[in-house]
Amino acid sequence: MSGDFEIIRLDTGDRLRIDMDGTEIRDSVQVPTVEYCDKCQQQKNIINGDYAMWQGQKILWFCETCK
Ligand SMILES: [Zn+2]
């Protein structure tokens, strides 16, 4: 599983994973309700925010205002 690129749409829970060979896997996940915004540095409701995962680690998340 290492090397996968993963993006989760926080408003819908839709997840897209892209394997190293380019295979796209789409499924759905339960998402948390609040997240720490990396721009305004506050806990914000995750609805309409954006974040990205790389190899299972969260990189950045931006709230609805900051994205
Ligand atoms: Zn923010």
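One-based numbering, in listed order, for ligands and for the atoms of each. As a basis for the values below, the full set of heavy atoms in this structure was taken, side chains included, without hydrogen atoms, waters or symmetry mates.
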Partners of Ser28 by side chain to side chain contact (heavy atoms under 4.5 Å, CB included), sequence neighbours excluded?
Asp14
Throw together a table of side-chain donor-acceptor distances under 3.5 angstrom for residues 33-47, partners on residues two or more places apart or in other chains.
unit_1: Glu35; atom_1: OE1; unit_2: Lys58; atom_2: NZ; d: 3.3
unit_1: Asp38; atom_1: OD2; unit_2: Trp61; atom_2: N; d: 2.6
unit_1: Asn45; atom_1: OD1; unit_2: Ile47; atom_2: N; d: 2.8

Using 0.5 Å steps for rounding, measure from the CD1 atom of Ile8 to the CZ atom of Arg17.
10.0 Å
I need the protein N, O or S atoms closer than 2.8 Å to the Zn ion (ligand 1), given as residue plus atom name.
Cys37 SG, Cys40 SG, Cys63 SG, Cys66 SG
In Å and rounded to the nearest 0.5 Å, what is the CG to CZ distance from Asp19 to Phe5?
12.5 Å
Here the gap from Leu60 atom CG to Asp50 atom CG, rounded to the nearest 0.5 Å, amounts to 11.0 Å
Residues that Arg15 engages under salt bridge (charged side-chain N to carboxylate O under 4.0 Å, His left out), provided they are two or more places apart:
Glu6, Asp27
